[in-house]
Undergrad: 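Take a look at the following structure, please.
Atoms within a ligand are numbered from 1 in the order they appear, just like the ligands themselves.
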Amino acid sequence: MAKYKIALLPGDGTGPEVLREGVKVLKAAADRFNIDIETEEFDFGGDRYLATGEVLPDSAVDELRGFDVIYLGAIGHDKVKPGILEKGILLRLRFELDQYINLRPVKLYPNVETPVKDKGPEDIDFVVVRENSAGLYTGFGGVQRKGTPYEIAVQEMVYSRNEVDRCLRYAFDYTQKRNKRNTLALCGKTNVLTYVYDLWERAFHEMGEKDYPGIRRDYYHVDATTMWMVKNPEWFDVIVTGNMFGDIITDLGAMVQGGMGVAAGGNINPEGVSMFEPIGGSAPKYTGQNVINPLACIFAGQMLFDHLGETDAADAIEKACVAFLQSEHCVGMSAKEIKEKGSSTEKYGDAVADFAATV
Ligand code: IPM
Ligand code: MN
């Protein structure tokens with residue numbers, strides 16, 4: 001019997017509410033496929049920080065290294081200045097656990113509404129591989145003469161060849177394994193960022209030509225990428241890009257696939273401990289109301305099982321979500337609809353868990 005230790009980080013805002021349902025569904029699928037999961041909860045987040053002044057204890061990262069995987073709710077607290085928790089918890093874990101890939105599927109499921117006119121599930125199904133450890137997120141830079149009219153602020157986009165190569169390697173392998181359209185698109189800005197994206201472009205073609213002759217290579221500037229994601233999303237199979245562009249285009253991707261209520265992602269260290277999360281944030285406005293959509297977190301659970309190699313359990317979660325979306329239990333994707341139509345986060349989780357145990 002396969003056995004996994006899963007660290008739970010409910011975090012802030014609606015994080016605990018959605019993670020509760022995610023774990024419920026994970027357990028339903030685990031029971032069905034004889035997978036033993038052992039969970040341990042950690043209280044990192046805004047409330048702990050406000051009470052103790054500590055963002056993340058130094059022992060935390062080492063402790064988390066002892067788990068097979070991490071399942072995260074959300075980070076971001078309305079009473080804590082933006083940046084403290086995001087950098088101190090989310091980004092610190094991504095960096096210190098060297099989760100250098102952020103994998104973000106953009107998939108429209110039947111019965112989920114997309115704001116993109118005349119496009120359906122057959123058109124919207126691609127994956128963004130976002131580099132997750134470097135670029136503009138490294139914190140290189142500085143400020144001088146702060147607060148004066150002569151202030152200078154610098155924030156540098158830093159990439160080593162190794163960081164680019166390992167991300168590209170993952171993206172090519174992923175595209176090959178996915179075997180859908182066998183097309184990998186590099187999203188960059190070679191017309192302006194002539195150092196960093198020149199490095200990406202050279203490395204991309206070198207690796208593709210040498211090791212992946214069966215994978216077609218496309219290139220798009222980031223501004224054009226956003227345009228085509230809306231106009232012709234069916235062109236995309238897998239997109240690989242740097243950290244900042246990946247952050248931006250995956251919020252657009254989330255909208256294209258039906259909103260933050262369904263968008264999930266994985267912070268992946270292919271050789272280490274990975275962390276799965278809904279990408280929508282902590283939604284402070286809805287905290288404690290039991291109306292936030294838990295599907296994104298449930299899809300993150302699907303990715304978690306997939307990552308562990310538990311494909312039957314992962315498939316069962318996906319099928320359960322599809323069945324749920326077509327059932328009378330589903331009253332909408334937004335917290336507003338769930339609230340107005342008298343359903344709840346918990347009812348959503350219960351229904352998906354029932355399907356996960358059966359369909
Ligand atoms: C994301 C978020 C984070 C990021 C923030 C909260 C630091 O926007 O996961 O996309 O920029 O990566
Ligand atoms: Mn983001």
Side-chain angles (χ1 to χ4, degrees), residues 9-16 18-19 22 44-46 49 55-56 61 69-106 126-141 155-159 163 167 187 222 225-226 229 239-269 273-287 292 295-297 299-301 303-304 307:
L9 273 56
D12 303 312
T14 52
V18 294
L19 191 64
F44 311 136
Y49 170 67
V55 182
L56 198 65
V61 180
V69 74
I70 303 167
Y71 198 10
L72 170 77
I75 297 294
H77 194 289
D78 56 351
K79 294 197 177 65
V80 180
K81 195 174 157 229
I84 295 178
L85 302 170
E86 292 84 346
K87 278 171 115 171
I89 301 176
L90 187 62
L91 297 183
R92 186 164 167 210
L93 290 178
R94 286 177 183 173
F95 291 151
E96 291 200 20
L97 295 171
D98 205 16
Q99 296 164 340
Y100 61 87
I101 298 296
N102 199 322
L103 189 67
R104 296 189 162 178
V106 178
F126 59 94
V127 178
V128 178
V129 175
R130 164 186 175 190
E131 200 288 327
N132 208 33
S133 69
L136 277 171
Y137 279 67
T138 50
F140 275 95
Q155 200 96 42
E156 288 177 311
M157 186 184 276
V158 183
Y159 271 111
E163 284 160 344
C167 177
C187 162
V222 62
T225 307
T226 60
M229 275 172 68
I239 300 176
V240 62
T241 190
N243 209 342
M244 187 79 258
F245 293 167
D247 177 46
I248 297 167
I249 69 169
T250 53
D251 266 25
L252 175 60
M255 285 302 124
V256 167
Q257 74 183 116
M260 286 300 182
V262 289
N267 302 278
I268 296 175
N269 175 342
V273 183
S274 300
M275 175 167 77
F276 295 83
E277 57 171 336
I279 75 174
S282 58
K285 188 167 114 183
Y286 291 111
T287 303
I292 198 84
L295 278 179
C297 196
F299 279 121
M303 295 180 74
L304 183 155
H307 174 79

Undergrad: Judging by distance only, is a nitrogen or oxygen of Arg104 under 3.5 angstrom from one on ligand 1?
TA: yes
Undergrad: Below 2.8 Å, can you find an N, O or S atom of Asp247 next to the Mn ion (ligand 2)?
TA: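 It does: Asp247 brings an N, O or S atom closer than 2.8 Å to the Mn ion (ligand 2).
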Undergrad: For atom 8 (O) of ligand 1, grab the closest protein heavy atom and report residue, atom and distance to one decimal in Å.
TA: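 Here the nearest protein heavy atom works out to Asp247 OD1, 3.3 Å.
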Undergrad: Evaluate the criterion side-chain contact (heavy atoms from CB on, under 4.5 Å) for residue pair Phe276 and Cys297; output intermediate values, then yes/no.
TA: CA-CA 8 Å; Phe276 295 83; Cys297 196; over 6 Å; no
Undergrad: Compute the minimum heavy-atom distance from Ile279 to ligand 1 and say whether it is under 4.0 Å.
TA: no
Undergrad: Using a heavy-atom cut-off of under 4.0 Å, does the side chain or the backbone of Met244 touch ligand 1, or both, or neither?
TA: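 Answer for Met244: neither.
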Undergrad: Check whether any side-chain N or O of Ser274 sits under 3.5 Å from a backbone N or O of Asn269 as a donor-acceptor pair, and report yes or no.
TA: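 Checking the backbone N and O of Asn269 against the side chain of Ser274, a donor-acceptor pair under 3.5 Å is found.
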Undergrad: Nearest heavy atom to atom 3 (C) of ligand 1: which of Leu72, Leu136, Leu90 does it belong to?
TA: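 It is Leu90 that holds the nearest heavy atom.
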Undergrad: Which atoms of ligand 1 sit under 4.0 Å from any heavy atom of Arg130?
TA: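 Counting atoms of ligand 1 from 1, those under 4.0 Å from Arg130 are 1 (C), 4 (C), 10 (O), 11 (O), 12 (O).
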Undergrad: Does the cation-pi check pass for Arg130 over Tyr137, that is, NZ or CZ under 6.0 Å from the six-membered ring centre and within 45° of its axis?
TA: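 Judged by the rule, Arg130 and Tyr137 form a cation-pi pair.
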Undergrad: Which option wins on minimum heavy-atom distance to atom 9 (O) of ligand 1: Glu277, Glu86, Arg94?
TA: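 Shortest heavy-atom distance from atom 9 (O) of ligand 1: Arg94.
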Undergrad: Looking only at protein heavy atoms, which one is nearest to atom 4 (C) of ligand 1, and what is the separation?
TA: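 Answer, as residue, atom name and distance: Tyr137 OH, 3.5 Å.
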Undergrad: Would you give the length of the straight line joining atom CG of Asp12 to atom CG of Leu85, rounded to the nearest 0.5 angstrom?
TA: 5.5 Å
Undergrad: Do the side chains of Thr241 and Val129 get nearer than 4.5 Å, heavy atoms only?
TA: no
Undergrad: Among the heavy atoms of Lys87, does any lie under 4.0 Å from an atom of ligand 1?
TA: no
Undergrad: Using a strict 4.0 Å threshold on nitrogen-to-oxygen distance, state whether Glu277 and Arg94 make a salt bridge.
TA: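 Arg94 and Glu277: salt-bridged.
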Undergrad: Taking C-beta and beyond as the side chain, do Thr226 and Ile249 meet within less than 4.5 Å on heavy atoms?
TA: yes
